[in-house]
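Counting starts at 1 for both ligands and their atoms, following the listed order.
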Amino acid sequence: MPFPPFAYRDRTLFVEDTDLEAIARSTSTPVYVYSANAIRERYRRYDRAFGQTPHMVCFAVKANSNLSVLRLLAADGAGFDIVSGGELFRVLQAGGDPSRVVFSGVGKTREEVEYALETGIHSFNCESESELALIDSIASRLGVKARVAVRVNPHVDAQTHPYISTGLRDHKFGIDIAQADEVYARAAALPNLIPDAVSCHIGSQLLDTAPLVEAFEAVLALIARLRARGMGITTLDLGGGLGVPYKPEQREPDVTAHIGSLCARTSGLTLMTEPGRSIVGPAGALVTRVLYRKSTATKEFVVVDAAMNDLIRPALYQAHHEILPLRQSGAGTVIADVVGPVCETGDFFARDREMANVMPGDFVALATAGAYGFVLASNYNSRPRPAEVLVDGAGWRIVRRRESLVDLIRGEEA
Ligand SMILES: *Cc1c(COP(=O)(O)O)cnc(C)c1O
């Protein structure tokens with residue numbers, strides 16, 4: 001079953017007003033295809049949900065860092081949540097406003113902190129006392145003040161896949177909320193830091209908002225304590241993490257209601273949020289061509305030209321992606337494993353999946369691949385990474401060309 005903005009018209013899979021097969025034939029496969037209008041709408045839904053509450057919606061660049069995707073969000077006034085100097089470079093190249101950039105991540109290097117301070121980013125979400133000390137010393141040398149938040153770990157179980165759960169005591173992320181009062185006191189004593197915010201991010205792909213609300217309440221209580229001690233906390237960064245439906249039976253959380261209820265419980269605070277997946281996930285698909293069909297005594301295989309190097313989510317997170325034929329042929333269904341050409345048993349997109357009975361030469365779309373898709377692609381097996389296409393209404397363009405064989409050896413010596 002397709003999710004919007006993907007839909008069948010007369011047995012042909014469209015994204016917005018564009019026939020996906022026209023793109024696949026023109027660019028060859030595999031190819032990532034994103035809908036500009038879906039990305040804009042999903043960003044605006046967040047922006048509007050805050051109503052009159054002062055806020056900043058910072059798109060989590062790691063979910064999809066294509067320059068054209070960043071540019072269209074920047075044009076809509078989005079801020080950006082980055083986790084590396086490389087992501088900051090991308091945001092600047094795409095015309096993003098550095099004063100709307102927040103730098104997250106547990107292992108920022110000296111060079112990255114310097115780059116971010118020189119660029120004039122909005123703030124850092126800090127994850128250790130040594131990081132606070134490093135930022136203070138670099139800010140001192142550059143003669144600037146650095147706005148910082150401490151990312152607190154509230155011990156809330158996000159009830160999501162263990163690899164994308166981040167808010168428990170034994171995770172590497174954040175500072176234990178029980179130690180936060182002391183850490184803020186020490187941060188306030190560092191002369192080049194402005195600790196005016198608290199941040200929290202407990203995990204990704206949350207379909208239930210209850211853990212987010214629980215974390216939010218713990219952070220509000222911390223902010224009340226810090227303010228009572230005279231600290232000028234003005235901002236609460238909610239992190240990202242809202243989930244998207246990968247399976248037809250999954251329901252997407254209501255962003256408007258969720259954000260609205262959080263706004264209703266705060267006053268006098270600026271709220272920040274860092275959504276990634278929930279802005280771009282459903283807006284993209286990976287289109288691939290069927291190379292072969294083969295069967296063993298027990299299994300039917302559909303071999304496609306995309307592989308785990310192009311989309312690693314099934315192999316890494318046991319993730320489910322709907323597999324949709326670009327043309328509904330009426331040839332019935334088959335129960336098959338959908339696999340790629342890479343020499344790993346983990347190279348599969350689906351196992352024992354009832355799906356359209358596609359034949360060699362047919363195209364299929366792996367749905368909901370706009371987030372954590374291309375950004376996690378590699379050249380494993382010396383496979384050039386796929387092209388990326390941005391559709392805007394009935395028009396579309398290549399926003400990253402397919403890598404060539406020469407790209408594969410760039411920088412190497414024989
Ligand atoms: C990954 C990440 C996000 C985005 O998470 P989504 O689940 O894609 O919304 C936001 N903030 C931080 C700190 C992150 O690490």
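- Within the structure, ring-ring contact (aromatic ring centres under 6.0 Å, His included) pairs that include any residue of residues 50-82 comprise Phe50-His55 (at least two apart or interchain).
- The side chain to side chain contact (heavy atoms under 4.5 Å, CB included) test with Pro386 singles out one residue from Arg400, Glu403, Arg402, Arg401, and that residue is Arg402.
- A salt bridge links Arg327 with Glu21: the closest approach of a Lys/Arg side-chain nitrogen to an acidic carboxylate oxygen falls below 4.0 angstrom.
- For Asp362, the side chain to side chain contact (heavy atoms under 4.5 Å, CB included) partners two or more places apart in sequence, or in a different chain, are Val290, Val358, Met359.
- Between His321 and Phe349, the gap from one ring centroid to the other reaches at least 6.0 Å.
- Sorted by chain and number, the residues within 4.0 Å of ligand 1 by heavy atom are Ala60, Lys62, Asp81, Ser104, Arg151, His201, Ser204, Gly240, Gly241, Glu274, Pro275, Gly276, Arg277, Tyr372.
- Considering only residues two or more places apart in sequence or on other chains, Phe348 meets the ring-ring contact (aromatic ring centres under 6.0 Å, His included) condition with none of them.
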